[in-house]
Amino acid sequence: MTDLKGLYDAILNGDAKAAAALTAQALAEERDPLEMVNQYMSPAMDEVGRRFEAEEYFVPELLLSARAMKAALALVRPLLAARGAKPAGRVAIGTVKGDLHDIGKNLVASLLEGGGFQIQDLGADVSAEKFVQAARDGDAQIIALSALLTVTMRGMKTTIDALKEAGVRDRVKVIVGGAPITQRYADEIGADGYAENASAAVALTRRLVGAGPQAVLQ
Ligand code: B1M
C-alpha cells in the first residue's frame with residue numbers, strides 16, 4: 001500500500017515525477033482521490049505557503065511545488081469530476097493593461113490552480129474590456145488583477161469602473177496584488193481584497209468564495 005506521506009513530501013519538495021508516480025500508484029490501489037487531495041496534497045501546498053511566508057522557501061521552490069501539485073492533480077481531477085466533485089471556484093486572472101510583467105501573476109495562477117480553483121489565464125497586458133468579458137461570459141466568480149508598475153496600477157481602477165459600467169460588478173469579487181499594490185490602494189479603488197503574495201492570494205480567494213482553508217475540490 002502506497003505511503004501517502006510520500007506524496008505530501010514529493011509536493012513539498014517540488015518533485016513532480018515522484019508526485020505523479022505516487023499518485024498513479026495510489027489510484028491504481030483504488031485509494032480515495034478526494035482524501036488524497038484534502039489530507040495530503042492540499043496540506044503540502046499549505047505548508048509550502050507557510051514556508052514561503054517564513055522565508056524558508058523562495059520563488060523557485062514555490063514554482064517547483066506548484067508544478068508537482070499540478071502533476072498529481074492532473075491524475076486525480078478526472079476521477080473527482082467523474083464523482084461530481086466541484087472545483088473550489090473559477091478565477092479569471094491577468095496583468096493589467098500596459099504591463100508585461102507576468103511572473104508573479106503566473107505564480108498566483110499556479111498556486112490557485114494547486115488550491116483547486118479553475119483558472120482562466122487572460123495573460124499580460126489585459127484590457128478592462130477583456131476582464132469584463134470574463135465576468136460576463138466566462139462565469140468567473142473572482143477577477144484577479146496583477147500590476148508591477150506604478151504607471152499601470154491605475155488599470156486596476158479602470159477595470160473595476162468598467163465592471164461597474166457593464167453592470168457586472170456585483171457578480172464578481174475583485175482581488176488585486178503586485179509589488180506596488182497595498183491594502184490601502186485596494187480599499188481606495190474599491191477592490192474586495194488585496195494579497196501580498198501568491199499563497200496569501202489563495203487564502204484570500206478561499207475566504208471570498210466561502211471555501212475553508214482545506215476545502216479544495218469539494
Ligand atoms: Co520590470 N520593472 N520593467 N521587467 N521588473 C520592475 C517592476 C521594477 C520595480 C524594476 C526597478 O526599477 N527596480 C520597475 C518598476 C518601477 C515602478 O513602476 N515603480 C520596472 C520597470 C521600470 C520596467 C520597464 C518600464 C523597464 C523599461 O523598459 N524601461 C519595463 C516595463 C515593461 C512593461 O510592463 N510595459 C519592464 C520590463 C521588464 C521585463 C520584461 C524585462 C521583466 C518582466 C518579465 C516577465 O514578467 N515576463 C521585468 C522584470 C523581471 C522586473 C523585476 C526585476 C522582477 C519582477 C518579478 O518577476 N518578480 C522587477 C523588480 C522587482 O520586482 N524587484 C521589475 C518576481 C515575482 C515572483 O514577483 O511579480 O512581485 P512579483 O509577484 C509577487 C507579488 O507581487 C504578488 O505575488 C507574487 C508572488 O509572491 N503578486 C500578486 C503579484 N501579482 C499578484 C496578484 C494578486 C496577488 C498577489 O492577486 C490578483
Side-chain angles (χ1 to χ4, degrees), residues 14 45-70 88-128 130-132 134-135 138 140-163 169 171-209 211 213:
M45 289 306 287
D46 289 342
E47 175 60 13
V48 171
R50 192 201 63 75
R51 290 187 183 189
F52 182 65
E53 273 164 30
E55 298 189 354
E56 294 163 21
Y57 267 20
F58 298 92
V59 171
E61 287 89 355
L62 274 191
L63 288 170
L64 287 172
S65 289
R67 200 171 62 176
M69 177 73 170
K70 276 195 201 175
R90 187 170 164 80
V91 181
I93 187 167
T95 309
V96 297
K97 192 171 169 57
D99 199 323
L100 301 176
H101 297 84
D102 68 355
I103 296 170
K105 181 268 296 170
N106 291 344
L107 192 57
V108 173
S110 291
L111 288 208
L112 281 171
E113 194 174 10
F117 289 91
Q118 245 185 324
I119 302 299
Q120 181 184 9
D121 190 343
L122 301 173
D125 187 20
V126 180
S127 66
K130 277 202 186 139
F131 285 112
V132 169
Q141 295 155 274
I142 301 275
I143 299 289
L145 309 175
S146 177
L148 262 288
L149 299 171
T150 44
V151 288
T152 57
M153 60 193 263
R154 71 187 65 151
M156 293 177 160
K157 180 169 181 340
T158 310
T159 302
I160 290 174
D161 290 346
L163 289 167
R169 178 67 185 92
R171 265 202 235 167
V172 292
K173 301 283 184 196
V174 178
I175 67 165
V176 295
I181 311 305
T182 58
Q183 181 65 57
R184 189 174 170 172
Y185 182 68
D187 294 341
E188 211 175 285
I189 63 173
D192 297 295
Y194 156 75
E196 192 180 355
N197 56 47
S199 54
V202 177
L204 171 67
T205 308
R206 282 178 177 168
R207 215 165 47 240
L208 288 173
V209 300

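Both ligands and their constituent atoms are indexed starting at 1 by order of listing. Residues: numbered from 1 along the sequence shown. Quick caveat: nothing in here was measured; it's all calculated off a predicted structure.
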Only heavy atoms of [X], strictly under 4.0 Å: list the atoms of ligand 1 that pass.
X      : answer
Ala144 : 91 (C)
Val176 : 87 (C), 90 (O)
Leu145 : 86 (C), 91 (C)
Asp99  : 34 (O)

Close side-chain approach of [X] and [Y], heavy atoms under 4.5 Å:
X      : Y      : result
Lys97  : Asp125 : yes
Arg206 : Phe117 : yes
Leu100 : Thr95  : no
Asp121 : Lys105 : yes

Closer than 4.0 Å and a protein heavy atom, does any atom meet both conditions relative to [atom]?
atom                    : value
atom 53 (C) of ligand 1 : no
atom 58 (N) of ligand 1 : no
atom 69 (O) of ligand 1 : yes
atom 15 (C) of ligand 1 : yes
atom 63 (N) of ligand 1 : no
atom 50 (C) of ligand 1 : no
atom 29 (N) of ligand 1 : no
atom 37 (C) of ligand 1 : yes

Assess whether atom [atom1] of [X] is packed by more than 12 heavy atoms of other residues, nucleotides or ligands within 6.0 Å.
X      : atom1 : result
Glu196 : CD    : no
Arg51  : CZ    : yes
Glu56  : CD    : yes
Arg67  : CZ    : no

Salt bridge or not between Arg169 and Asp192? Use side-chain N to carboxylate O under 4.0 Å.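 The answer is yes: the pair qualifies as a salt bridge.
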For the pair Arg50 and Glu53, find out whether any cationic side-chain nitrogen is under 4.0 Å from an anionic carboxylate oxygen.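 Salt bridge absent between Arg50 and Glu53.
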Considering all heavy atoms, the nearest [X]-[Y] contact:
X      : Y      : result
Val176 : Ala186 : CG2-CB, 3.6 Å
Ala200 : Ala195 : C-CB, 3.7 Å
Phe52  : Ser199 : CD2-OG, 4.2 Å

Distance to 0.1 Å, residue and atom name: give those for the protein heavy atom nearest to [atom].
atom                    : result
atom 76 (C) of ligand 1 : Glu196 O, 3.4 Å
atom 35 (N) of ligand 1 : Gly98 O, 2.9 Å
atom 18 (O) of ligand 1 : Thr150 N, 2.9 Å
atom 47 (N) of ligand 1 : Asp102 OD1, 2.8 Å
atom 85 (C) of ligand 1 : Gly177 C, 3.4 Å
atom 79 (C) of ligand 1 : Leu107 CD2, 3.5 Å

Answer yes or no: is there a donor N or O on one side and an acceptor on the other, between the side chain of Tyr194 and the main chain of Ile181, under 3.5 Å?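 Yes; at least one donor-acceptor contact below 3.5 Å.
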Determine yes or no for a side-chain-to-main-chain donor-acceptor pair under 3.5 angstrom, with Tyr185 supplying the side chain and Met153 the backbone.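 At least one qualifying donor-acceptor pair exists.
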Hey, does Pro180 sit under 4.0 Å from ligand 1 if you only count heavy atoms?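 For ligand 1, residue contact (heavy atoms, under 4.0 Å) with Pro180 is absent.
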From atom 1 (Co) of ligand 1, how many protein N/O/S atoms are found at a distance short of 2.8 Å?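 Considering protein N, O and S only, atom 1 (Co) of ligand 1 has 1 within range.
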Kindly determine whether Met45 and Val202 satisfy side-chain contact (heavy atoms from CB on, under 4.5 Å), including the steps that lead there. CA-CA 10 Å; Met45 289 306 287; Val202 177; over 6 Å; no
Which option out of [options] puts a heavy atom nearest to [atom]?
atom                    : options                : result
atom 81 (N) of ligand 1 : Ala200, Gly178, Gly104 : Gly178
atom 65 (C) of ligand 1 : Thr152, Ile103, Ile175 : Ile103
atom 89 (C) of ligand 1 : Ala186, Ala198, Ala195 : Ala195

I'd like to check the side chain to side chain donor-acceptor pair (under 3.5 Å) partners of Asp99; sequence neighbours left out, ordered by chain and number.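 If we apply the side chain to side chain donor-acceptor pair (under 3.5 Å) test to Asp99, skipping adjacent residues, the hits are His101, Thr152.
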Judging by distance only, is a nitrogen or oxygen of Ser146 under 3.5 angstrom from one on ligand 1?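 Yes, there is a polar N/O contact under 3.5 Å.
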